[in-house]
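Lettering of chains follows the sequences in order, A, B, ..., and the numbering in each one begins at 1.
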Amino acid sequence: MSEHNYSHTEIEREVQKHWADNGSFEVTENSDKPKFYCLSMFPYPSGQLHMGHVRTYTLGDVIGRFQRLKGRNVLQPMGWDAFGLPAENAAIKRNIPPAKWTYQNIAHMRTQMKALGFAFDWSREFETCDPDYYKWEQWFFTRLFRKGLVYKKAAFVNWDPVDQTVLANEQVIDGRGWRSDALVERRELAQWFVKITDYAEELLEDLDKLGGWPDKIKTMQRNWIGRSEGVEIKFQLDGAEAVSVYTTRPDTLMGVTYLAVAPQHPLAISAAGNKPELQAFLDDCNQTKVAEADMAKQEKLGLPTGQNAIHPITGEPVPVWVANFVLMEYGSGAVMSVPGHDQRDWEFAKKYGLPIKQVIEPAESNQAECNLDLEAFTERGVLVNSGKYDGLQFDQAFEAIAAALVQKKCGERQTNYRLRDWGVSRQRYWGCPIPIINCDKCGSVPVPDEDLPVELPTDVQFEGVGSPIKKMNDWYETSCPDCGSAAIRETDTFDTFMESSWYYARFASHNDSEAMLDQRAKYWTSVDHYVGGEEHAILHLLYARFFHKLMRDEGLVESDEPFEKLLALGMVLQGGTKMSKSAGDAGDPQHLMDRFGADAVRMAMMFAAPPEQSFEWSENGVESANKWLRTRLWNTIVDHLAGGELPTLDVASLSSEQKDLRRSVHETLAKCEDDFGRRLAFNTVVAAVMSLMNQVTKFEDSSGQGRAVVHEALTVAVLIMSPITPHICHTLWQMLGHGDIEIADWLPVDQSALEKSVVELAVQVNGKLRGKVELSPDAEQDEAVSVARLQENVEKYLIDKTIRKTIYVPNKILNFVVS
RNA sequence: GCCCGGGUGGUGAAAUUGGUAGACACGCAAGACUUAAAAUCUUGUUUCCGUUAGGAAGUGCCGGUUCGACCCCGGCCCCGGGCACCA
């Protein structure tokens with residue numbers, strides 16, 4: 001009989017067929033049960049699953065299956081983040097159209113996911129490269145256009161002068177194009193932006209509502225948004241123009257000894273007109289990649305523009321420099337430099353011999369010393385060398401100087417954000433076409449609703465130089481929807497973060513051909529539990545939060561936030577870094593699934609580490625997981641069932657050994673419920689069940705009640721393991737006589753089984769462990785002390801000593817503090 | 001460089017509210033079964049001293065708070081994630 005030997009191949013195939021035949025995981029909105037939307041971040045279809053996917057989707061599946069056991073109407077959908085760069089790379093390398101490559105990958109990865117037994121509602125599956133999906137993204141963009149939430153402006157890109165193409169940051173290696181090896185240039189292109197900064201304040205404030213998010217993610221988002229209070233100050237130039245700088249330290253204004261502007265600042269460009277040396281410097285600065293990390297790592301360099309600005313308070317001339325570390329994208333692209341009180345300015349001033357002036361001194365004796373020969377003094381303190389402002393503290397100085405600037409009409413108080421508007425244009429082929437028509441007379445005109453979707457042609461020749469649709473006259477030549485004259489479509493496509501910013505909502509209304517979202521989206525959103533890698537802590541999660549608010553303001557959803565609770569997973573590392581598309585085929589779980597089964601792969605992954613922790617993947621655990629399932633779980637149950645007739649459990653008649661086992665059963669049940677639901681510690685769930693099964697194995701009691709207690713233990717063990725190893729548990733649950741586990745309920749803890757007659761108390765002397773005693777759980781301190789002192793090894797540390805203090809924590813510790 | 005995390009036996013880790021550090025596994029060693037091997041089972045396994053009883057040290061490093069610190073505070077080192085066009 002197949003029931004005597006564990007065959008993962010047979011069981012997993014049969015159980016998966018059962019789920020498919022019964023539509024076990026297809027859900028509707030018509031349920032008495034409270035809804036639970038459990039979502040794992042959908043994958044980019046890179047080719048095959050890697051261990052990072054296995055981890056994410058197993059964790060999501062464990063949460064979803066546990067919530068089903070807890071009586072929730074659980075939606076767990078899956079789809080494909082199907083647009084993106086790797087499809088274009090593959091197209092170049094293998095001469096296969098991106099669409100074909102993408103759909104092949106999806107087919108393979110879907111098969112792998114099904115083999116892993118995830119409880120997805122596959123009826124809702126979609127891929128973002130499907131016009132039925134991106135049509136609504138285009139439709140929504142035209143709504144934003146009409147609301148004035150999108151605009152076009154020039155922005156810098158990485159330009160490969162040989163391949164004549166725009167490169168992603170990851171395609172620029174040591175300043176050179178990855179394929180051409182040419183030095184990359186910054187180039188300015190007109191691009192579409194969405195006004196996320198209009199929502200900066202709400203995105204910041206609403207972080208406080210996200211009680212189910214880890215603090216570290218909220219902190220990262222807070223810092224990314226980077227709200228600050230400061231002053232925008234206008235420095236008049238020698239000529240008529242002025243240059244604006246933003247500072248959060250107006251108290252240091254009297255210490256300004258120069259201004260620094262970004263290499264792309266208009267002032268720098270005009271100054272370079274008659275200065276070849278400066279022009280050469282600007283050209284150099286434009287040969288770095290458009291990534292902040294690269295800018296920050298560069299040697300800090302600068303040149304004077306030759307112009308002076310007028311200090312708004314003192315009226316003294318202040319030289320204006322160009323510096324490669326000033327970001328054009330942040331603030332006004334210019335800063336006032338106070339080398340006495342800003343470390344970066346200090347280093348720059350030292351390097352170029354610019355004056356350093358102290359205007360702040362330490363206010364309190366416990367502050368660091370101020371020695372401007374060694375470093376800048378950057379703490380807040382008391383003003384000096386600042387004329388009438390001398391002696392003021394930071395707050396007073398901020399107010400006084402800001403007020404003076406406002407009064408002189410050369411400054412304004414300003415709240416600033418580090419967050420920049422979201423640039424959504426990509427000069428790529430494999431993406432969602434931007435639904436705009438450019439007309440010489442009417443300007444940018446959104447594509448009318450009835451003409452949507454603007455379909456991306458998929459039958460293309462892909463050469464790798466530029467985007468195919470930029471060469472397809474038939475496609476981009478059109479007429480203006482407003483005036484009817486000849487016009488040209490946008491040939492740029494959207495950033496793929498657009499698609500991933502609203503897919504969670506579309507899973508609810510996946511098949512609505514009349515609207516982007518419908519009532520079902522209002523039922524299912526917000527997502528109750530969102531699961532995905534911590535690498536998405538900022539960009540994806542911030543864009544999705546933003547999009548949700550945009551959709552709310554369009555009346556499409558009702559909540560303020562898309563994701564109630566967030567599980568931010570640590571990375572599955574491989575050779576010390578994250579597994580990724582660019583790392584190739586590494587980490588494919590297929591051979592492990594074939595040899596040891598999906599249950600063993602899932603169990604090994606859950607057991608390896610707690611979810612939020614990064615860890616180096618090792619295959620070793622899979623074989624032992626398979627072994628445990630086979631020997632400890634399956635064989636134990638088969639042996640137990642071979643014992644024949646089973647009496648009903650009579651709790652009142654149990655021996656103390658039987659009670660001990662039963663206590664462990666209910667302790668394990670309670671612990672695992674907490675681990676699953678609150679702590680999300682699935683590694684310790686596995687450990688707890690292993691521990692319980694070790695006890696069951698050692699429990700040799702073939703009496704009727706002995707077997708009844710074991711039966712309860714095995715039932716509980718299978719129930720607890722079922723979210724993690726669903727196939728084997730489906731079969732074992734039936735063998736134990738309980739029916740279909742997909743519709744089972746979690747079991748209640750029998751509180752009376754948890755009662756203990758004795759507890760162990762650790763006895764310390766001066767904090768060092770000297771013995772252990774057994775006591776009744778409600779023992780008073782006097783009793784604990786007298787029992788503890790009966791122990792020779794405790795008493796010998798107390799004799800001839802004065803007990804200064806006795807600390808008693810019932811059921812835990814007794815500590816004698818002696819002199 | 002900036003922002004956010006992490007560091008515990010040979011290895012993955014546990015310790016949930018400041019209260020017995022190393023649960024549960026892997027690996028390794030010894031043993032049982034076997035003609036043998038595999039499989040399976042049993043025992044041991046932080047380091048050092050000690051026959052045992054027991055003792056000392058120990059959670060990246062240095063310092064602090066506390067009766068008591070893997071846990072809280074300050075400084076440092078190393079590793080990982082993110083830095084706006086990888087997703």
Side-chain angles (χ1 to χ4, degrees), chain A residues 41 43-44 46 81 83-86 89 157-158 166-172 214-217 219-224 226 289-298 300 325 329 344 418-423 425-428 495-497 500 533-540 542-543 568 570-571 573 576-578 580-582 604 607-610 612-616 618 620-621 623-625 627-628 631 635 671 674-675 678-679 681 683-684 686-691 694 697 760-769 771-772 792-793 804-807 809 812-818:
Chain A
M41 292 178 185
Y44 178 80
S46 51
D81 190 13
F83 278 136
L85 196 53
N89 296 341
V157 293
N158 301 311
V166 174
L167 298 178
N169 282 332
E170 73 159 12
Q171 295 176 310
V172 182
D215 287 337
K216 66 165 178 174
I217 307 290
T219 303
M220 284 190 253
Q221 292 217 347
R222 231 171 249 128
N223 292 341
W224 184 262
K289 143 183 179 186
V290 191
E292 197 188 313
D294 281 48
M295 306 266 296
K297 275 183 257 183
Q298 281 172 20
K300 287 161 188 59
F325 56 83
E329 293 82 11
R344 191 176 59 185
R418 203 188 75 98
L419 180 69
R420 309 197 290 257
D421 275 339
W422 179 11
S425 297
R426 295 292 179 271
Q427 297 70 40
R428 305 196 195 292
D495 176 10
T496 57
F497 277 127
S500 56
E534 67 180 351
E535 73 270 31
H536 296 293
I538 296 173
L539 294 179
H540 162 60
L542 191 65
Y543 291 141
M571 303 282 89
L573 304 176
T577 49
K578 72 167 178 172
S580 65
K581 291 107 249 155
S582 38
F607 190 49
E612 60 292 348
Q613 187 170 314
S614 296
F615 72 104
E616 184 77 17
S618 152
N620 298 341
E623 182 169 5
S624 33
K627 178 176 149 183
W628 185 85
T631 61
N635 290 349
K671 183 214 170 23
D674 189 44
D675 281 357
R678 181 182 63 89
R679 296 180 66 214
N683 54 330
T684 54
V686 175
V689 177
M690 284 177 167
S691 201
N694 288 347
T697 314
E760 193 184 63
L761 187 74
V763 183
Q764 299 180 335
V765 179
N766 284 346
K768 284 189 194 288
L769 184 71
K772 293 173 184 181
E792 206 183 321
N793 200 50
R804 303 224 171 267
K805 207 170 176 185
T806 305
I807 287 137
V809 183
K812 283 186 178 153
I813 208 161
L814 178 67
N815 187 14
F816 296 105
V817 184
V818 302

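- Pairing of B:C72, defined by two Watson-Crick or G-U wobble distances under 3.5 Å, is identified with B:G64.
- Contacts of A:F325 with the nucleic acid, taken as non-hydrogen atoms under 4.0 Å apart, are absent.
- Taking the side chain to side chain contact (heavy atoms under 4.5 Å, CB included) definition, one finds that A:N793 meets it with A:R770, A:K796, A:Y797, sequence neighbours left out.
- Nearest to the side-chain atoms of A:E292 among the listed nucleotides B:C4, B:C67, B:A84 stands B:A84.
- The side-chain hydrogen bond (donor to acceptor under 3.5 Å, both in side chains) check on A:N169 picks up A:N158, with sequence neighbours excluded.
- Nucleotides B:C71 and B:G18 place their C1' atoms 7 Å apart, quoted to the nearest Å.
- As judged by a 4.0 angstrom heavy-atom cut-off over every strand, A:P610 is placed among residues touching the sugar-phosphate backbone only.
- Separation of atoms CZ (A:F325) and CD (A:Q298) is listed at 11.0 Å; rounding is to 0.5 Å.
- Not a single ring pair (Phe, Tyr, Trp, His ring centres under 6.0 Å) links A:W628 to another residue, sequence neighbours left out.
- Residue contacts shown for A:Q427 include a base, since a base heavy atom lies under 4.0 Å away.
- Applying the side-chain hydrogen bond (donor to acceptor under 3.5 Å, both in side chains) rule to A:S618 yields the partners A:N620; only residues at least two apart in sequence or on another chain are considered.
- When heavy atoms are screened at a 4.0 angstrom cut-off, A:A608 is found touching the sugar-phosphate backbone but no base atom.
- Of the side-chain N and O atoms in A:N223, one or more sit less than 4.0 angstrom from OP1 or OP2 of B:C4.
- Residues satisfying the side chain to side chain contact (heavy atoms under 4.5 Å, CB included) criterion with A:E535, sequence neighbours excluded, are A:M571, A:K578.
- Base engagement by A:R418 is indicated by at least one non-hydrogen atom pair under 4.0 Å involving a base atom.
- When both pairing distances are held under 3.5 Å, B:A56 makes a Watson-Crick or G-U pair with B:U47.
- For A:R804, the side-chain hydrogen bond (donor to acceptor under 3.5 Å, both in side chains) test picks out no residue, with sequence neighbours left out.
- Residues meeting the side chain to side chain contact (heavy atoms under 4.5 Å, CB included) test with A:Q171, sequence neighbours left out: A:L85, A:N89, A:L167, A:A168, A:W178, A:R428.
- With respect to the salt-bridge test (charged N to carboxylate O, under 4.0 angstrom), the residues A:E612 and A:R679 do not qualify.
- Note on A:A681: nothing from the nucleic acid sits closer than 4.0 angstrom, heavy atoms only.
- Residues satisfying the side-chain hydrogen bond (donor to acceptor under 3.5 Å, both in side chains) criterion with A:R426, sequence neighbours excluded, are A:D495.
- Base engagement by A:S425 is indicated by at least one non-hydrogen atom pair under 4.0 Å involving a base atom.
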For nucleotides 5-10 of chain B, which of its nitrogen or oxygen atoms have a protein nitrogen or oxygen under 3.5 Å away, and what is each distance?
none

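- Heavy atoms of A:H540 sit nowhere under 4.0 angstrom from any nucleic acid atom.
- The same atom, C1', is picked in B:G5 and in B:G60; the two are 16 Å apart, to the nearest Å.
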Can you pull every protein N or O that's under 3.5 Å from an N or O on nucleotides 47-49 of chain B?
none

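- Here the straight-line distance linking atom CG of A:N766 with atom CG of A:N815 works out to 7.0 Å at 0.5 Å rounding.
- As rounded to the nearest Å, B:U51 and B:G12 have P atoms that lie 34 Å from one another.
- When heavy atoms are screened at a 4.0 angstrom cut-off, A:V763 is found touching no nucleic acid atom at all.
- Heavy atoms of A:I217 sit nowhere under 4.0 angstrom from any nucleic acid atom.
- Spacing between atom CD of A:Q298 and atom C1' of B:C83 amounts to 15 Å, rounded to whole angstrom units.
- Classification of B:G12 as anti follows from a glycosidic angle more than 90° from 0.
- Of the listed nucleotides (B:U40, B:C86, B:C83), B:U40 has the atom at the smallest distance from the side chain of A:T631.
- Under 3.5 Å, the side chains of A:T684 and A:D675 contain a donor-acceptor pair of N or O atoms.
- The CD atom of A:E170 sits 14 Å away from the C1' atom of B:A84 (whole-angstrom rounding).
- Separation of the C1' atoms belonging to B:U66 and B:G27 is 39 Å when rounded to the nearest angstrom.
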Base-contact (B) and sugar-phosphate-only (S) positions in nucleotides 16-34 of chain B, heavy-atom cut-off under 4.0 Å, - elsewhere
B--BB--BBSS--------
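- Judged as a ring pair (Phe, Tyr, Trp, His ring centres under 6.0 Å), and not counting sequence neighbours, the contacts of A:F497 are A:Y543.
- Rounded to an integer number of Å, the gap from A:L85 CG to B:A87 P is 6 Å.
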